[in-house]
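Each residue takes its place number in the sequence, starting with 1.
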Amino acid sequence: VDGLKGEQLKAKAKELHEIILRLEGDKYDLEQRFTRQSYDMQELAERARQMNKGDKRGAKVQNAPDPLAAKISGLPPKVSMYSEYERVKDHRSFGDRKDVFAGPLFQERYERIEPKQHILMTEDGFQVGDAPPAESHAPIAEEPAAVTAE
């Protein structure tokens with residue numbers, strides 16, 4: 001690139017631009033194909049599960065998450081409240097249905113992050129100082145300590 005003249009640079013830029021456009025188009029096509037195939041895989045798995053049930057009328061709705069669907073998509077498994085194909089009403093109570101969402105997949109873990117600096121708003125403006133120790137929840141002093149820039 002360093003040894004190219006003006007017209008050669010324009011041609012090179014145009015060539016790289018066309019390559020980027022082609023790659024972006026290919027990326028979009030592949031993403032669309034992946035989402036379509038992922039949806040098809042989930043639908044086929046559901047149909048296979050329904051076919052394996054056979055003629056068991058009034059059978060319970062499966063509560064266990066589908067491991068195949070969990071592998072295919074990055075989302076947590078969909079909890080089915082009724083069969084999409086048999087149109088069977090779910091006769092479970094609200095409490096029973098709520099318990100479906102109580103497993104380890106639906107728990108979120110929060111961890112408190114202690115601040116490294118303490119910002120104090122005074123009449124003169126904001127002043128930044130070291131964070132107070134995590135154990136003590138003492139009231140903040142009026143005058144912050146001297147701050148050194150790192």
Taking atom CG of Asp29 and atom CD of Glu24, what is their separation to the nearest 0.5 Å? 11.0 Å
Run the side chain to side chain contact (heavy atoms under 4.5 Å, CB included) test on Asp40 and Glu43 for me, step by step, so that the C-alpha distance in whole Å, both residues' side-chain angles and the decisive distance to 0.1 Å come before the verdict. CA-CA 5 Å; Asp40 291 343; Glu43 285 294 313; 5.6 Å; no
Heavy atoms of Arg92 and Arg97 approach each other most closely as O-NH2, 3.3 Å
Give a yes or no on whether Leu44 and Met51 share a hydrophobic cluster (residues Ile, Leu, Val, Met, Phe, Trp, Tyr; joining criterion: side-chain heavy atoms under 4.5 Å apart). no
How many angstroms lie between atom CD1 of Ile20 and atom NE2 of His17, to the nearest 0.5 angstrom? 7.5 Å
Polar contact flag, side-chain donor to acceptor under 3.5 angstrom, Glu46-Gln50: yes
Point-to-point distance, once rounded to the nearest 0.5 Å, from CD of Gln37 to CG of Leu30: 9.5 Å
Under the side chain to side chain contact (heavy atoms under 4.5 Å, CB included) rule, what do Lys27 and Leu23 come out as? Steps first, then yes or no, please. CA-CA 6 Å; Lys27 176 185 165 199; Leu23 290 175; over 6 Å; no
